[in-house]
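For reference, the structure discussed in these notes is given below.
Treat the numbers as computed from the prediction; the structure is a model and nothing was measured.
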Amino acid sequence: TMEFQWPWEYTFPPFFTLQPHEETRQQQLKVWADLFLKYLKHTNKFTLSINDQSLPLYYNESINRRLSPELLLQVLEQLQRSGHAAPLDKRRQEWQVYWHTLEEYGNLVYDWIQETGQTNSICTFYEISSGESTTQQEFHGVDEAVLLSALRLLEEKGKCELIEMDGSHGVKFF
């Protein structure tokens, strides 16, 4: 795999501390949010724990700087506002993060279903996220918990119905 390309800000010590000046802080959060999404896409991760201190995303060893817990939470809240993250627990320590919004994931899957003529048939989550026929799709490799959230949105719009079979999920598209 290609090595991850860190932005120049990552070697700039003040980047790791929440900036007091409003405009600077907004820009800082924007760069961090973008970095989070790129890094998670690169590593194919969909969950983040605030306490995972060893993660290079939070800690640049070369300059010995660590993302402050306050800034970390602000970045995640920024991602939540743009539809790219949701807390998994009440204390907001564990987060689900996705580089496409849930709506985008749902639409990508639905478009693929229509293009491949699979409306009115049942697909398993495994087929969608890990099947051979989806390797070229943007949603290939998506975490099944994220897929479930995305398909729930499609279900609300009447585009599919979620089916539970022997503890695993399937979905029928309309």
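- Applying side-chain contact (heavy atoms from CB on, under 4.5 Å) to Tyr58 and the options Val75, Leu67, Asn51 leaves one that passes, Leu67.
- A continuous path of hydrophobic side-chain contacts links Ile63 to Trp32 [ILVMFWY only; heavy atoms under 4.5 Å].
- Using a 4.0 Å cut-off between a side-chain N of Lys or Arg and a carboxylate O of Asp or Glu, Glu155 and Lys172 do not qualify as a salt bridge.
- For the atom pair Ser68 OG and Gln74 CD, the distance stands at 8.5 Å (nearest 0.5 Å).
- Geometrically, Lys159 engages Tyr110 in a cation-pi contact defined by less than 6.0 Å to the ring centre and at most 45° from the axis.
- For Trp6 and Phe4, the gap between ring centers is short of 6.0 Å.
- In this structure the side chain of Leu154 reaches within 4.5 angstrom of the side chain of Phe173, judged on heavy atoms.
- Leu102 CG to Leu153 CG: the interatomic distance, rounded to the nearest 0.5 Å, is 5.5 Å.
- Residues Leu79 and Leu37 have side chains in contact (heavy-atom distance under 4.5 Å, counting atoms from C-beta outward).
- With Ser149 contributing its side chain and Ala145 its backbone, the two residues share a donor-acceptor pair below 3.5 Å.
- At least one side-chain heavy atom of Arg25 sits under 4.5 Å from a side-chain heavy atom of Leu18.
- Looking only at distances, a side-chain donor or acceptor of Glu127 sits under 3.5 Å from a matching main-chain atom of Thr124.
- For the pairing with Phe46, the ring-ring contact (aromatic ring centres under 6.0 Å, His included) check across Tyr98, Trp95, Trp99 returns one residue only, Trp99.
- Between Asp34 and Lys30, none of the side-chain N atoms (NZ, or NE/NH1/NH2) sits under 4.0 Å from a carboxylate O, so this pair counts as no salt bridge.
- Counting only heavy atoms from C-beta outward, the side chains of Gln53 and Tyr59 never approach each other to under 4.5 Å.
- Side-chain contact check for Leu55 versus Leu48: some heavy-atom pair is nearer than 4.5 Å.
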Ring pair (Phe, Tyr, Trp, His ring centres under 6.0 Å) assessment of Trp8 paired with Tyr10: CA-CA 5 Å; Trp8 68 267; Tyr10 185 71; over 10 Å; no

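- When all heavy atoms are compared, the tightest approach of Thr24 to His21 is OG1-ND1, 2.9 Å.
- In this structure, a donor-acceptor pair under 3.5 Å is present between the side chains of Gln118 and Thr116.
- A donor-acceptor contact shorter than 3.5 Å is absent between the side chain of Glu94 and the backbone of Arg92.
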CA sep, side-chain torsions, deciding dist, call: His169, Glu164, side-chain contact (heavy atoms from CB on, under 4.5 Å): CA-CA 5 Å; His169 282 95; Glu164 209 161 321; 3.7 Å; yes

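- Under 4.0 Å is where a charged nitrogen must lie from a carboxylate oxygen, and between Arg66 and Glu61 no such pair does.
- A pairwise comparison of heavy atoms in Ala150 and Gly106 identifies CB-N, 3.9 Å as the closest pair.
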Worked verdict on Gln96 versus Thr47 for side chain to side chain donor-acceptor pair (under 3.5 Å): CA-CA 4 Å; Gln96 197 176 60; Thr47 50; over 6 Å; no

CA sep, side-chain torsions, deciding dist, call: Ile122, Ile163, side-chain contact (heavy atoms from CB on, under 4.5 Å): CA-CA 9 Å; Ile122 294 175; Ile163 303 155; 3.8 Å; yes

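- With a 4.5 Å cut-off on side-chain heavy atoms, His84 and Gln78 do not count as touching.
- Counting heavy-atom neighbours within 6.0 Å of Glu103 CD, excluding the residue itself, gives a total of 12 or less.
- With hydrogens and angles left out, the side-chain atoms of Ser168 and Asp166 include no donor and acceptor closer than 3.5 Å.
- Two residues are said to be in side-chain contact when any heavy atoms from C-beta on lie closer than 4.5 Å; Glu23 and Gln27 fail this criterion.
- Relative to the six-membered ring of Phe16, Arg65 misses at least one condition, a distance below 6.0 Å or an angle of at most 45° to the axis.
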Verdict with reasoning, His140 to Thr135, per side chain to side chain donor-acceptor pair (under 3.5 Å): CA-CA 6 Å; His140 187 80; Thr135 50; 5.7 Å; no

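- Taking both residues in full, the closest heavy atoms of Leu29 and Leu71 are given as CD2-CD1, 3.7 Å, listed atom of the first, atom of the second, then distance.
- Considering every non-hydrogen atom in both Leu35 and Pro7, the closest pair reads CD1-CD, 3.6 Å.
- Residues Leu162 and Leu148 approach most closely at CD1-CD1, 4.0 Å, considering heavy atoms.
- Under the 4.5 Å side-chain heavy-atom criterion for Ile, Leu, Val, Met, Phe, Trp and Tyr, Leu151 and Phe174 are members of distinct hydrophobic clusters.
- Aromatic rings of Tyr105 and His100 (six-membered ring for Trp) have centroids within the 6.0 Å cut-off, being under it.
- Contact of the Ser49 side chain with the Gln93 side chain is not registered, since no non-hydrogen atoms from C-beta on lie closer than 4.5 Å.
- Under the 4.5 Å side-chain contact rule for hydrophobic residues, Leu147 and Leu88 do not share a cluster.
- Among all heavy-atom pairs drawn from Gln28 and Phe15, the shortest one is NE2-O, 2.9 Å.
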